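One-based numbering along the sequence shown. The structure displayed is predicted, hence computed values, not measured ones.
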Amino acid sequence: MHIQPIAQEQAWQLRHEVMWPDKELDYVKLQDDHEGTHYGLFEEDELISVLSLFIYEDEAQFRKFATLRSHQGQGYGSRLLQYVLEVAQQADVKRIYCNARAEKASFYEKFGLIRTQESFQRGGKAYVIMERWFT
């Protein structure tokens with residue numbers, strides 16, 4: 001198993017398959033994808049999990065975190081998220097945040113992220129903004 005930066009097109013394919021398979025591929029693309037670093041976790045040559053990291057001065061946001069359904073619950077996503085949190089911390093960001101699906105908030109809490117008061121709906125799903133501050 002290894003983690004490495006990947007092309008945004010690789011991230012798009014896995015995002016589409018996992019997150020919004022009923023939508024057009026363009027639905028999973030972010031307008032600023034070209035500004036982020038996209039990370040992939042591989043088992044041998046198979047791309048298992050993706051996460052995109054956007055660093056803006058002393059803040060970072062991770063977005064579009066997806067793991068193949070067949071590999072969920074096996075620790076792959078946890079490994080990738082921990083890796084990206086370390087990358088952000090090494091980049092000297094003070095705060096990292098994400099728009100978490102409300103039903104997945106407890107997963108992110110395991111990594112030190114806390115729920116903020118900000119929430120919203122998109123595509124029929126409820127989201128909460130979660131954050132972690134680095135000291």
Side-chain angles (χ1 to χ4, degrees):
M1 173 184 331
H2 67 282
I3 297 169
Q4 68 184 47
I6 60 173
Q8 64 184 6
E9 293 81 5
Q10 290 174 284
W12 294 341
Q13 291 299 322
L14 199 137
R15 286 179 192 170
H16 185 249
E17 180 181 339
V18 174
M19 301 174 86
W20 300 100
D22 57 327
K23 305 278 189 187
E24 296 292 323
L25 180 64
D26 284 346
Y27 191 78
V28 301
K29 296 177 182 179
L30 298 170
Q31 189 173 14
D32 58 352
D33 263 331
H34 65 282
E35 297 175 11
T37 304
H38 310 281
Y39 292 94
L41 180 143
F42 293 82
E43 185 68 68
E44 296 182 17
D45 291 332
E46 183 180 16
L47 181 59
I48 304 292
S49 188
V50 298
L51 189 152
S52 299
L53 180 66
F54 299 84
I55 297 177
Y56 312 102
E57 296 180 23
D58 64 350
E59 285 197 336
Q61 180 182 21
F62 65 89
R63 301 176 72 181
K64 301 296 186 186
F65 183 21
T67 301
L68 290 175
R69 293 190 197 290
S70 60
H71 290 74
Q72 290 179 5
Q74 299 175 38
Y76 293 106
S78 293
R79 295 268 309 264
L80 180 57
L81 179 55
Q82 186 60 47
Y83 179 89
V84 170
L85 289 171
E86 290 169 10
V87 167
Q89 191 168 17
Q90 290 169 2
D92 290 327
V93 301
K94 294 184 178 12
R95 174 184 176 251
I96 190 165
Y97 67 99
C98 71
N99 301 334
R101 281 183 286 152
E103 74 270 9
K104 299 289 185 180
S106 62
F107 171 78
Y108 295 106
E109 289 171 341
K110 296 177 198 174
F111 295 89
L113 280 91
I114 57 170
R115 299 170 202 236
T116 68
Q117 298 297 317
E118 298 176 62
S119 62
F120 61 94
Q121 298 272 331
R122 178 173 182 239
K125 298 180 190 273
Y127 292 85
V128 61
I129 297 176
M130 300 188 70
E131 65 185 6
R132 176 174 164 184
W133 292 84
F134 296 110
T135 55

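Asn99 contributes atom CG, which lies 9.0 Å from atom NZ of Lys64 (distance to the nearest 0.5 angstrom). With rounding to the nearest 0.5 angstrom, the CD1 atom of Ile96 is 8.0 Å from the CZ atom of Arg132. Distance check: Gln90 CD to Asp92 CG gives 9.5 Å after rounding to the nearest 0.5 Å. Atom OH of Tyr76 sits about 5.0 Å away from atom NE2 of His71, to the nearest 0.5 Å.
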Test Glu86 against Gln82 for side chain to side chain donor-acceptor pair (under 3.5 Å), laying out the working first.
CA-CA 6 Å; Glu86 290 169 10; Gln82 186 60 47; 3.3 Å; yes
Passes side-chain contact (heavy atoms from CB on, under 4.5 Å), Arg95 versus Phe134? Steps please.
CA-CA 6 Å; Arg95 174 184 176 251; Phe134 296 110; over 6 Å; no
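Between Leu80 and Leu41, the closest heavy-atom pair is N-CD1, 4.1 Å. Closest non-hydrogen pair, Pro21 versus Met19, comes out as CD-C, 3.5 Å. Across every non-hydrogen atom of Ser49 and Gly77, the tightest pair is OG-CA, 3.9 Å. Ile55 and Ala91 make their closest contact through CD1-CB, 3.8 Å (heavy atoms, listed as atom of the first residue, atom of the second, distance). Contact between Cys98 and Leu113 at its shortest, heavy atoms only, is SG-CD2, 4.0 Å. When every heavy atom of Ala60 is checked against every heavy atom of Val93, the shortest pair comes out as CB-CG1, 4.0 Å.
Proximity of a side-chain donor or acceptor of Gln10 to a complementary backbone N or O of Ala7 within less than 3.5 Å is detected. The backbone N or O of Tyr39 sits nowhere less than 3.5 Å from a side-chain atom of Gln4 that would complete a donor-acceptor pair. No donor-acceptor pair closer than 3.5 Å links the side chain of Arg63 to the backbone N or O of Ser52. A donor-acceptor pair is defined here as one N or O able to donate and one able to accept, closer than 3.5 Å; no such pair exists between the side chain of Glu35 and the backbone of Gln31.
If you chain together hydrophobic residues whose side chains sit under 4.5 Å apart, Phe54 and Leu81 never meet in one group. When the side chains of ILVMFWY residues are joined at heavy-atom separations under 4.5 Å, either directly or via intervening members, Val84 and Met1 end up in a single hydrophobic cluster. Hydrophobic clustering (side-chain heavy atoms under 4.5 Å, transitive across Ile, Leu, Val, Met, Phe, Trp, Tyr) groups Tyr56 together with Leu30.
Every residue meeting the ring pair (Phe, Tyr, Trp, His ring centres under 6.0 Å) condition with Phe107, not counting sequence neighbours, appears here in chain and number order: Phe111.
Between Phe62 and Phe65, the ring-plane angle classifies as perpendicular under the 30° and 60° cut-offs.
In summary, of the residues considered (Leu53, Leu51, Asp33), a side-chain contact (heavy atoms from CB on, under 4.5 Å) with His38 occurs for Asp33 alone.
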Using distance only, find each side-chain donor-acceptor pair of residues 115-130 under 3.5 Å and give its atom names and separation, not counting sequence neighbours.
| residue | atom | partner | partner atom | Å |
| --- | --- | --- | --- | --- |
| Arg115 | NE | Glu109 | OE2 | 2.9 |
| Thr116 | OG1 | Glu118 | N | 3.1 |
| Thr116 | OG1 | Ile129 | O | 2.8 |

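Listed by first and then second residue, the ring pair (Phe, Tyr, Trp, His ring centres under 6.0 Å) pairs involving residues 5-26 are Trp20-Tyr27 (not counting sequence neighbours).
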